[in-house]
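Here the structure is laid out as structure tokens; the discussion comes afterwards.
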Amino acid sequence: MAQVRTIDRVVIRFAGDSGDGMQLTGDRFTHDSAALGNDISTLPNFPAEIRAPQGTLPGVSSFQVHFADFDIVTPGDRPDILVAMNPAALKANLTDVRRGATIVVDTAEFTKRNLAKVGYDANPLDDDSLTDYQVVALDLTGMTVAAVKEFGLTRKEASRAKNMFALGLLTWLYSRPTEPSIDFLATKFAKRADIRDANITAFRTGYAYGETTEAFAVRYEVAPAPMKPGRYRQISGNLATAYGLIVGAHKAGLDLFLGSYPITPASDILHELSRRKGFGVTTFQAEDEIAGVGAALGASFAGALGVTTTSGPGIALKAETIGLAVMTELPLVVVDVQRAGPSTGMPTKTEQADLLQVMFGRNGEAPLPVLAAQSPSDCFNTAIEACRIAITYRTPVIMLSDGYLANGAEPWRLPDLDAIEPIDPNFAAAPNATAADGSGRFLPYQRDPETLARAWAVPGVPGLEHRIGGLEKSAGLGNVSYDPANHEAMIHVRRDKVAGIVRDIPDLVVDDPSGGARLLVIGWGSTYGPITAAVRRVRNAGGKVAQVHLRHLNPFPANLGDILGCYDRVICPEMNLGQLAMLLRAAYLVDVQSYSRVRGLPISLSELADDLTAELASLAPLAEAHDDPAAPGQEDVR
Amino acid sequence: MNSPELKQLLHGQDFEASPLAGLAGVPLSLEPVDRKAFVSDQEVRWCPGCGDYAILAAFQSLMPDLGIKRENTVIISGIGCSSRFPYYVDSYGMHSIHGRAPAIATGVATARPDLGVWVVTGDGDALSIGGNHLIHALRRNVNLTIMVFNNRIYGLTKGQYSPTSEPGKVTKSTPLGSVDQPFNPVALALGAEASFVARTIDSDRAHLTKVLRAAANHRGAKFIEIYQNCPIFNDGAFDALKGPGADEAIIHLEHGEPIVFGQQGHLCVVRDANTGGLSVAERAHVDESDIVVHDAHRPDASLAFALSRLTDSGVLHRSPIGIFRDVERPAYDDLVREQVQLEVTQRDPNLGLAELIAGNDTWIVD
């Protein structure tokens, strides 16, 4: 019997062929970890091809889960344990695995043919290339097939349960309960008794193998993480976005209308909303990206909350219609789940390189608010805020997510929906001006003096008939106008309206427990996790570093300029070539330094931590003591 | 429509709806509406002699006859000369972007069952840049009346050939003559599974009005090609159908009637054994029983398609005019609303938003 050792955190990566069920296996393990009270963070990584040729490097699919007894913010850089179902999975993932880590492999797949497919001249299990690791070489396929023999499946069908054997083994290794996975399998395969029984048996056999084998000297336990009391679930970014949109529309008392075209990695939002008609959600799978946003804008004109969801290539196609929404000043929420570009790029890999596209990628001066979510569960709040701004200010709003947030998952403390403020659509119900003859008159471009939002009059209301469109409109009246002064005034008012949203944006709070940091790290979107983890690591080693993270990219929070001016050095890590850094430099004339990593993967926290440490070391010594380094809004948020 | 805010704004659902199938669900006006009520205060800025004037006038005259509330009338257009149309009608309207009107109108029509939605577009807008949206709106059968003003030229950009211009057309962008094969818009619409397809002419107000009225009584997508003269860049494109020889050129389609035309009805349409399609024959040379009887309600679109092929693709000398096809098929927007309503009605009242968001797999941290 192996001894049980308590550890604080583990990173596991399940890797195999696209058809090996690695996403399911990882997801299952994550569920159990979350339910045990561990904090979790996950990183699915899969090829764009549905079934790339079997056993090849392009066909490798993996799922990484990081679970811990403390608050974690990333799925981890380096796995402590790698489950490699074939030589391709080993080869594709080995460079990421830390020295001394455990590697579980299925020896049945290490055939001459499979080794040759990925360019191994010799079997790495037989030579000394893996001496730095603890290799647990098991005939997963053989043991699985033998275990499920009684169910009369073909060898191929039987061997497909090997992922459950592996799950059973890891369930034992990390001292998790078996019931949840057995219940899950019973439900999932309820319609095929033989498949169900084979999977459950494989899972149990894997668990039992752990108990009896001597391959593992120790098994581990990770205690629950201290978390705020409450009810929790696990949630991915795409699901949180879908829920946020439903709640946003509900808080406004509006019908949610989604016009969308399938695109990786955004399609799951379309799928989820399509299942939620019972909550008054209408979904329209359009003929193309342009029709998706067009129908959404039409629905907004008709008094619904129009939403469109897409990724970078779709934003490019939708640009003209988003410009029409800027001109017609109608509410519209555009969700961009960014992926690696340019062009088709790497559809299943993450990136943050659409920032400048969404800021400026339209003809003419076409400003609009831009928000970015920082974690999977944060997509919920960000989506609601996007709805709120779109409706309040009659404007298209772009919400940025990315592939990492979309598919990654974390525990989420369920929000109190009643505590979310309602959103007032404030429909125009009566004329807002008086005609020369004293009768009521409706001016579609009359504005609220505070928000500068124009009246939202929907068809069906008598007396408010009006025409809008892409041609420049006269202020107030809304008639077509080519008047030079009017055009400039309208350009200014559209800019001022978006800039004025700053009044609804809370001031940024810098995280600097030392109170004396001279180096500020600023980020936006999904880099929150890696930046936060790297900053913690630097601080744990005694480094003084401040951190601030942006949700609001247009307009920026009011105190951002003051904050940037308070530090000797400002570093901006992004998964692009420095897009936010460019905006910050332009807006504030501050020498923001770009830290750019564009690999289709989240920024590595250990690499970033090392680089930040080097930055700290390179700061010139202070000529005199820094007695009063306090930056505005400075406060420890933890 | 489940939005509490909209329901409150629109004062509940108590109204008398139009008896016309295409406008079912749209409230009737309580008082008679005057044609002038549909005339906006905007100065009409089409060129003198433009065919668009006649279409606008016919539309504005028809609207009071249809009897729906003016505020429940929505016109969506794209870009081009014809697409200025909404500015001149005092209803709700959107002059959108090039080619996208059918997509935007799909959103309007799906979101609101109580609106009558018309799309105004042209041959460049609908058949070139917006071709994709047009065919998909037709195949889905969204309850829209799509009026394509076909002048066989680009007018607003000052005279380039369009996707309906005849081969050899000399324009600014085709100084040696166009080498493009044009679309036959009616044939295209039929191929896109349209349930209502018609063609009419700007100069024949009575026919134009008749077709628009028939469209209002059809549930689903209505495709109406309107031959429209551009006096500046393509003047006379439809003269063959307008002058003294028009009787010989226009093949009038009337549902249930033998297709006979020409002076004293000396021409007719018969099946062509050589091509499997239809051809025009001297009536004196054929047996009366061989004359094709028009059947717009026929579920199979082959006859309508064969009729559409009697249109000249080059310079226009002859063309069928009328309703090619008018068949019943469920409208997309009705089906979408039905699905939503069914789910809303059947939803377990104990499963609210909080329960949705919680899902089935939660845990408690004390």
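Below, read A as the first sequence line, B as the second, and so on, with proteins coming before strands; counting in each chain starts at 1. The basis for the numbers below is simple: all heavy atoms, side chains too, and nothing from hydrogens, waters or symmetry mates.
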Flag the pair A:Glu329 and A:Arg454 as a salt bridge only when some basic side-chain nitrogen lies within less than 4.0 angstrom of an acidic carboxylate oxygen. no
Under 4.5 Å from any heavy atom of chain A, what part of B:Val336 do you find: side chain, backbone, both or neither? side chain
Which atoms of A:Leu330 come close to chain B, meaning under 4.5 Å heavy atom to heavy atom: side chain ones, backbone ones, both, or neither? side chain
Tell me whether A:Glu287 is salt-bridged to B:Arg140, with the criterion being a basic N under 4.0 Å from an acidic carboxylate O. yes
Structural part of A:Ser300 lying under 4.5 Å from a heavy atom of chain B: neither
Quick check on A:Val293 against chain B: is it the side chain, the backbone, both or neither that has a heavy atom closer than 4.5 Å? neither
Proximal component of B:Gln42, with respect to chain A [non-hydrogen, under 4.5 Å]: side chain
In terms of heavy-atom proximity below 4.5 Å to chain A, should B:Leu115 be classed as side chain, backbone, both, or neither? side chain
Is B:Arg70 close to chain A through its backbone or its side chain, or both, or neither, when contacts mean heavy atoms under 4.5 Å? both
B:Ile79 versus chain A, heavy atoms under 4.5 Å apart: side chain, backbone, both or neither? neither
Pick one of side chain, backbone, both or neither for A:Phe257, based on which atoms fall under 4.5 Å of a heavy atom in chain B. side chain
Using a 6.0 Å cut-off, check whether atom CG of B:Asn360 has over 12 heavy atoms from anything other than its own residue. no
Heavy-atom side-chain proximity of B:Phe149 to B:Ile55 below 4.5 angstrom: yes
Please flag which part of B:Asp114 lies under 4.5 Å from any non-hydrogen atom of chain A: side chain, backbone, both or neither. neither
Salt-bridge criterion met for B:Glu343 and B:Arg347 (N-O under 4.0 Å): no
Lys/Arg N to Asp/Glu carboxylate O, B:Asp90 vs A:Arg467, below 4.0 Å: yes
How are the rings of A:His466 and A:Phe301 set relative to one another: parallel (under 30°), tilted (30 to 60°) or perpendicular (over 60°)? perpendicular
Please flag which part of A:Leu254 lies under 4.5 Å from any non-hydrogen atom of chain B: side chain, backbone, both or neither. both
Near-ring test B:Tyr53/B:Trp46, centroid separation under 6.0 angstrom: yes
Non-hydrogen atoms of chain B under 4.5 Å away: do they reach the side chain of A:Leu239, the backbone, both or neither? neither
If one checks every heavy atom of B:Ala105 against chain A at 4.5 Å, the contacting part turns out to be neither
Interchain contact, B:Val89 with chain A, by part (heavy-atom threshold 4.5 Å): backbone
Is the number of heavy atoms from other residues, nucleotides or ligands within 6.0 Å of CG (B:Asp366) greater than 12? no
Toward chain B, the part of A:Ala252 with a non-hydrogen atom under 4.5 Å: backbone
